[in-house]
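Presented below is the structure to which this report refers.
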Amino acid sequence: MHKISPSTIARTAALALALTNQILSTTGHAVLPIESAQLVSTGLTVAAALVSWWKNNSFTPEAIEADDYFYKLKSGQ
C-alpha cells in the first residue's frame, strides 16, 4: 500500500489554510488581529502557494511508486 508523505500533507494543509485566510480577508472578515492583515494574508498565501508549487506533491499511487523508484535509483539501490 502506498502512503502519502507527511510533508505532502503538511504543504497541502498550509496552502488550504492560506487560501482560506485569503478568501476570508478579501471578503472583509477580520482574520488576523493586526492592521495590515491584508498584506500579511497575501504574503502567507503567496509563500504557501510557491512552496506547494515547487515541491513534488505525489497523491496518486502511481506517483508515489514513481517517487520510490526515483529515490532507489538516486541512492544506488
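Computed from a predicted structure; not experimentally measured.
In this structure, A14 and A48 approach most closely via the heavy-atom pair O-CB, 3.9 Å. Of all heavy-atom pairs spanning K3 and I64, the tightest one is O-CD1, 3.5 Å.
Once rounded to the nearest 0.5 Å, the distance linking OG1 of T60 with CD1 of I4 reads 9.0 Å. Between the CG atom in L17 and the OG1 atom in T12 there is a gap of 12.5 Å [rounded to 0.5 Å]. The CG atom of L19 lies 9.0 Å from the CG atom of L44; values are rounded to the nearest 0.5 Å.
When the options Y71, F70, Y69 are evaluated for a side chain to side chain contact (heavy atoms under 4.5 Å, CB included) with D67, the one that passes is Y71.
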